[in-house]
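These notes concern the structure reproduced below.
Values reported hereafter were calculated over all heavy atoms of this structure, with side chains retained and with hydrogens, waters and symmetry mates removed. Chain letters run A, B, ... following the sequence lines, proteins first, then strands; residues in each count from 1.
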Amino acid sequence: MIKTVDLKKTFVGRDQTVHAVDGISAHIKPSEVVVIIGPSGSGKSTYLRCLNGLETLTSGQIIIDGVDLSAKKTDLNLVRREVGMVFQQFNLFPHKSVLQNIVLAQQVVRKRKSSEALEKARMLLQKVGIAEKENEYPIRLSGGQQQRVAIARALAMDPKIMLFDEPTSALDPEMVGEVLEVMKQLAREGMTMVVVTHEMGFAREVADRVLFMDQGKLVEEGTPEHFFTAPQEERTKTFLRQVL
Amino acid sequence: MNTNRNTWPWNLLTIAILFTLCAGLWAATKKIDYTWRWNRVPQYFIYHDETLIPAPFDGQVATISKLGDKTQIKVLGDNGEEETFEVDSNGIEVFEGETLFEGDYLGATFEWRAGPLLVGLWTTLWLSAAASIIGMVIGLITGLCRVSNNPTLRSLSVFYIELIRGTPLLVQLFIFYFFLGTVLDISRIMAGISALAIFAGAYVAEIIRAGIQSIPKGQMEAARSLGMNVPQAMIHIILPQAFKRTLPPLAGQFISLIKDSSLVSVIAITDLTKSGREVITSTFATFEIWFVVAFLYLLLTSVLSQVAAWVERRLAVSD
Ligand SMILES: Nc1ncnc2c1ncn2[C@@H]1O[C@H](COP(=O)(O)OP(=O)(O)OP(=O)(O)O)[C@@H](O)[C@H]1O
Ligand SMILES: [Mg+2]
């Protein structure tokens, strides 16, 4: 479903060059839930953002569902429809109501009829458990509710893959659960998911595979059991000691 | 916020100060022996115009038939011609059977007509409106070029903005009128509107640029991640939010434009300012007319700021 080959992303600044992603090769299978963990600044977000073309690659290759993202003739907008993304800061459209947030891209990008888009939006709001808030503006929702709307908004495009970049990191602790619950349900339904998170409980319970990144490199990968019981690499052990 | 109870003494003080100022002005004009003639002013807004209708040929009045306010006068010519005229009933100057010579007045029609001040106000209004709309379009396009990734578009927009903001509007007006007006053969009104629009466009562009850049990067990323292309994201996500934030400075810019439009009087466009000057030459009511002209500008600008405030309140539903 997703294949990255020796993926590199380098940020060239005025006084320093950052190798944010430094040669990552990975293969994510359909319906697989992959959790990426790693210390701050290790390039997790950058890797994720490369996967839907929000960052342009420095070198390497990404193939999503048979489409080569790095090829010149690939229309990234077509790829992005198939790859939903959920951000740490929710990034809901503040000038649109909850319902409009979910309807907009369906109409603009997927060219769906208004009635069809509305029906889909209401169905998804039901699914993430905030049907009663459809006419509210994002600012009047709690963080957990906003993030659930953001998930519904991404799902409305019928993506084949969902990317989550620390979806619960900006939430108050009591709201983390409601968002993780929605993600778990998605995983059970067979969605292909790549999740960057510090929620080790989620990784342990839901992930099929865990990737540990440090300094732009893939240090270790394996099943959750492998990770949380018998990690091999020294850096993985140090990291896990700190977060567990 | 202060409560009403605490502010009324201050309001009283404000009124007292304003009153003292007015009294001072009045006393000062007393000393220079100026005769105020406010009664001359209204006729320059609107006046009752009389149009006299002359007989087109020698002949006589055949019939006069009154129909309410209007009266039909049928005239028979000496050579057999026949024609009917309509005048106001209270303006009839002939009786049935009267002998007429060509050019004798049959009667008059009366009409309310806009005086020069009202005509000037209207000119200023539509001139500013046209320049605002065109300036908005220019500013929007330039603002978008200013934030685009294309270096040529960026440089061109910076060049335009710097050029316009670095030269006086008065000089731009002269260049538009004398140079471009001659080269491109455009009328003085077109020259005036273009100069104002291009002047406003440069400022609007900067406002729009600031507005777009004030929108968090995550908005564009969220829009793109849903598969929208850049124009779609701009139209549906970025610009509506930027517009909301830039409404107060934009309103300020268009208020400035109304005031700056008074400069077009130097290229002989009869706007409110020029009408005022013309009225003064025939009335010598210099003080009154300038006060009235100032008040009319104030009227236009405050209506605009009220409209802007109303739109702002409407858009505030999402905060
Ligand atoms: N747009 C950018 N320009 C320059 N450097 C960047 C940019 N984005 C990220 N970086 C750098 O790339 C490195 C990796 O950043 P990234 O955000 O991918 O890390 P992360 O693993 O997501 O960290 P965190 O857990 O804090 O979110 C960091 O050193 C960061 O400073
Ligand atoms: Mg990150």
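- Of all residues spanning residues 59-96 of chain A, those with a heavy atom less than 4.5 Å away from chain B's heavy atoms are A:Asn77, A:Arg80, A:Arg81, A:Val83, A:Met85, A:Phe87, A:Asn91, A:Leu92, A:Phe93, A:Pro94, A:His95, A:Lys96, arranged by number.
- Judged purely by distance below 3.5 Å, without hydrogens or angles, the side chains of A:Arg112 and A:Gln106 pair a donor atom with an acceptor atom.
- Taking the centre and axis of the six-membered ring of B:Tyr203, the NZ or CZ atom of B:Arg165 falls inside the cone set by 45° and 6.0 Å.
- Considering B:Thr142, B:Leu144, B:Leu140 as possible partners of B:Ile208, the one that fulfils the side chain to side chain contact (heavy atoms under 4.5 Å, CB included) test is B:Leu140.
- Of the charged side-chain nitrogens involved, none lies within less than 4.0 Å of a carboxylate oxygen, so that B:Arg224 and B:Glu221 do not count as a salt-bridged pair.
- Contact annotation: the side chain of A:Val108 approaches that of B:Gln232 to within less than 4.5 Å [non-hydrogen atoms, C-beta and beyond].
- By the 4.5 Å heavy-atom criterion applied to side chains, B:Cys145 and B:Arg154 are not counted as neighbours.
- Between the side chains of A:Glu189 and A:Gln185, at least one donor-acceptor pair of N or O atoms lies under 3.5 Å.
- At a heavy-atom cut-off of under 4.5 Å, chain B is reached by A:Tyr137, A:Ile139, A:Arg140 from residues 128-149 of chain A, listed in order of number.
- Of the possible polar contacts, one joining the B:Ser265 side chain to the B:Ser262 backbone as a donor-acceptor pair under 3.5 Å is found.
- Checked by atom type and distance alone, the side chain of A:Gln126 never pairs as donor or acceptor with a backbone atom of A:Met123 at under 3.5 Å.
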